[in-house]
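Report on the following structure.
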Amino acid sequence: MSIYLDVIWFLNFSFDLLLLLLTAILLKRKIWKLRIVIGALIGSSIILLMFTPFASLAVHPFGKLLVSIMMVLSAFGFKRFKYFAQSLFTFYFVTFMVGGGMIGAHYFIQTEIGIFDGILMTNKGGFGDPISWLFVLIGFPAAWIFSRKRLDDLEMKKIQYDQIVSVSIKIGDISFCLKGLIDSGNQLYDPISKSPVMIVDARKAAEYLPDPLISIALQEDVMAALAASEEPHPLENRVRIIPFRVVGKSNQFLIGLKPDEVIITTADETIQVPKAIVGLNRTSLSPEGEYECIVHPKMLQSGSIQDVS
């Protein structure tokens with residue numbers, strides 16, 4: 001039997017890389033590409049050790065644990081023990097989830113069964129079995145994508161809706177902070193960039209944004225007002241047109257702005273949102289003044305948690 005060590009190593013390196021990426025996504029950790037690659041290299045080194053005098057260490061549970069710890073430390077660092085333990089246990093959770101999915105799929109579709117002299121027998125392929133390799137090459141990415149989707153769904157369900165949060169917005173040289181409501185009813189996206197849109201009361205943001213922009217946003221027919229406007233303002237290159245629907249009306253539009261930074265602060269954590277659009281709404285969002293913007297739930301799901309320690 002021929003063993004292609006380079007192919008086996010590369011597959012394990014790819015798996016470790018994807019597992020570390022999924023761990024970072026699940027924990028909302030900032031992804032440092034070089035550190036993730038180094039972590040994957042450390043993890044895949046166990047394959048090389050299996051063909052050396054240190055093979056017994058490589059297959060021993062303590063040896064595997066040591067490699068896992070080194071992988072997590074390389075990829076995410078050590079800021080405090082709780083931070084490290086969360087990274088390590090989540091990495092194992094992701095590994096067992098994806099690996100378990102592949103094992104279940106394999107036993108569901110396997111056909112490596114034959115009858116020899118009336119006896120039911122199973123045949124196991126080696127490292128070089130082309131069917132096994134094909135299954136791994138297709139099955140692992142499929143299990144990775146499926147696991148990530150299911151984790152996203154679970155995270156969306158655990159978001160505490162109707163929660164008041166603090167929203168900090170930076171657009172160029174302009175920075176301001178508003179009270180926001182997390183509302184599951186806000187499912188508005190920018191049709192071009194697919195970024196989630198948070199809806200801001202234009203009157204509450206009027207003291208921070210240029211007057212010509214606020215004047216357009218407060219018009220009932222935004223498109224006509226935008227076409228008729230000739231007064232320039234410094235945020236023109238950030239303007240987006242967001243179509244939306246309300247009951248009894250069609251062809252409605254919002255003026256949107258692409259911010260440099262959006263940070264959401266809840267009672268438990270601070271989340272930096274990578275992609276978002278600030279939509280300016282002409283009507284009041286809360287007559288009682290309890291909140292000044294409506295936060296898209298996807299913003300909490302896709303953002304990265306900032307370390308405040």
Side-chain angles (χ1 to χ4, degrees), residues 1-108 110 112 122-148 150-151 307:
M1 179 179 66
S2 298
I3 297 177
Y4 298 94
L5 185 59
D6 54 343
V7 177
I8 299 170
W9 171 84
F10 180 73
L11 270 178
N12 280 269
F13 168 77
S14 302
F15 292 173
D16 290 335
L17 186 69
L18 289 173
L19 290 172
L20 288 171
L21 282 173
L22 187 56
T23 302
I25 292 169
L26 181 59
L27 291 175
K28 299 185 184 300
R29 299 277 166 80
K30 185 174 182 179
I31 297 175
W32 298 93
K33 295 180 182 178
L34 179 59
R35 299 189 66 164
I36 294 290
V37 169
I38 293 175
L41 287 172
I42 293 174
S44 59
S45 66
I46 200 169
I47 299 299
L48 304 179
L49 290 176
M50 291 176 65
F51 296 90
T52 69
F54 301 100
S56 58
L57 176 62
V59 299
H60 195 279
F62 287 106
K64 295 177 182 178
L65 177 62
L66 179 61
V67 171
S68 300
I69 291 174
M70 293 174 62
M71 288 175 65
V72 170
L73 287 175
S74 299
F76 306 111
F78 187 95
K79 296 183 179 180
R80 58 185 181 277
F81 180 77
K82 182 179 179 181
Y83 179 93
F84 163 74
Q86 186 184 44
S87 301
L88 182 63
F89 290 135
T90 303
F91 173 72
Y92 271 113
F93 169 74
V94 167
T95 302
F96 294 152
M97 179 177 60
V98 175
M102 288 189 63
I103 292 173
H106 172 73
Y107 279 103
F108 181 75
Q110 71 171 341
E112 297 175 348
T122 60
N123 300 310
K124 299 289 186 182
F127 279 122
D129 183 2
I131 298 178
S132 298
W133 282 112
L134 183 62
F135 175 80
V136 171
L137 289 172
I138 297 175
F140 185 85
W144 189 90
I145 294 171
F146 178 81
S147 300
R148 179 177 176 181
R150 299 291 72 76
L151 289 171
D307 185 29

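We number each residue from 1, following the sequence as shown.
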Residue pair L20 / A75: nearest heavy atoms and the distance that separates them: CD2-CB, 4.1 Å

Say you draw a straight line from CZ of R80 to CD of Q86; how long is it, rounded to the nearest 0.5 Å? 8.0 Å

Between F13 and V37 the two heavy atoms that sit nearest each other are CE1-O, 3.8 Å

Exercise: identify the closest heavy-atom pair between S44 and N12: CB-C, 4.1 Å

Closest heavy-atom contact between T23 and S87? CG2-O, 3.9 Å

Working to the nearest 0.5 Å, report the span between CG of L88 and CZ of F93. 14.0 Å

Out of curiosity, T95 OG1 to D16 CG, how far, rounded to the nearest 0.5 Å? 8.0 Å

Minimum heavy-atom distance between R35 and L73, given as atom pair plus value: NH2-O, 3.3 Å

Relative to the ring of H60, is the ring of F62 parallel (under 30°), tilted (30 to 60°) or perpendicular (over 60°)? parallel

For Y92 and L65, run side-chain contact (heavy atoms from CB on, under 4.5 Å): C-alpha distance rounded to whole Å, both residues' side-chain angles, the deciding distance at 0.1 Å, then the answer. CA-CA 10 Å; Y92 271 113; L65 177 62; 3.6 Å; yes

First locate atom CD1 of I42, then atom OG of S68, and finally report the distance between them rounded to the nearest 0.5 Å. 11.0 Å

Rounded to the nearest 0.5 Å, what separation is found between the CG atom of L66 and the CE atom of M71? 12.0 Å

Over 12 non-hydrogen atoms of neighbours within 6.0 angstrom of CZ in F89: no

